[in-house]
Amino acid sequence: MEEMKKIDEVHRAYEICKEVFSPTVGIIEVGSEIEDKEEYEFYKMAHEFFFQKRQKELIAKGIY
């Protein structure tokens with residue numbers, strides 16, 4: 001039961017990250033507001049992950 005709860009939490013976190021760090025959201029625009037360098041690096045990596053995912057989708061469709 002505890003394992004299923006953890007899986008649900010991780011999935012919810014992924015869905016939130018997918019929305020927050022979508023390619024349409026620029027981390028650079030809010031980066032100056034983030035004081036913690038490690039926190040900023042995390043956000044930057046998450047944003048790049050979803051940006052690259054979107055690029056691959058567009059390439060596969062022949063759009064990019």
Side-chain angles (χ1 to χ4, degrees):
M1 185 66 171
E2 188 67 31
E3 186 174 319
M4 288 302 293
K5 182 179 175 187
K6 192 53 91 176
I7 290 170
D8 287 344
E9 288 175 359
V10 169
H11 179 70
R12 278 196 310 273
Y14 171 77
E15 290 297 324
I16 291 168
C17 284
K18 188 165 66 169
E19 182 180 328
V20 171
F21 299 111
S22 74
T24 59
V25 177
I27 190 67
I28 302 304
E29 289 128 15
V30 296
S32 63
E33 303 296 320
I34 301 169
E35 295 179 11
D36 185 299
K37 184 176 179 176
E38 184 176 316
E39 183 180 359
Y40 174 76
E41 288 299 316
F42 170 79
Y43 297 149
K44 185 176 163 188
M45 284 178 29
H47 183 267
E48 287 173 4
F49 170 81
F50 290 107
F51 182 79
Q52 289 172 1
K53 184 177 179 289
R54 181 69 177 143
Q55 275 185 322
K56 289 176 185 176
E57 291 169 355
L58 292 175
I59 290 167
K61 291 179 180 178
I63 297 172
Y64 186 70

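- Within a 6.0 Å sphere centred on CD of E9, heavy atoms belonging to other residues, nucleotides or ligands number more than 12.
- Here the closest non-hydrogen pair linking I34 and Y43 is CD1-CD1, 3.2 Å.
- Using cut-offs of 30° and 60° on the angle between ring planes, the pair F50 and Y14 is tilted.
- Residues Y40 and I16 are members of one and the same hydrophobic cluster, defined by side-chain heavy-atom contacts under 4.5 angstrom among Ile, Leu, Val, Met, Phe, Trp and Tyr.
- For the atom pair CG (D8) and NZ (K5), the distance works out to 10.0 Å, reported to the nearest 0.5 Å.
- A salt bridge links K53 with E57; the closest basic N to acidic carboxylate O contact falls under 4.0 Å.
- Once rounded to the nearest 0.5 Å, the distance linking NE2 of H11 with CE of M4 reads 11.0 Å.
- The salt bridge (charged side-chain N to carboxylate O under 4.0 Å, His left out) test applied to E15 returns K18, not counting sequence neighbours.
- Residue E39 qualifies as enclosed at atom CD: its count of foreign heavy atoms under 6.0 Å is above 12.
- Hydrophobic clustering (side-chain heavy atoms under 4.5 Å, transitive across Ile, Leu, Val, Met, Phe, Trp, Tyr) keeps M45 apart from F21.
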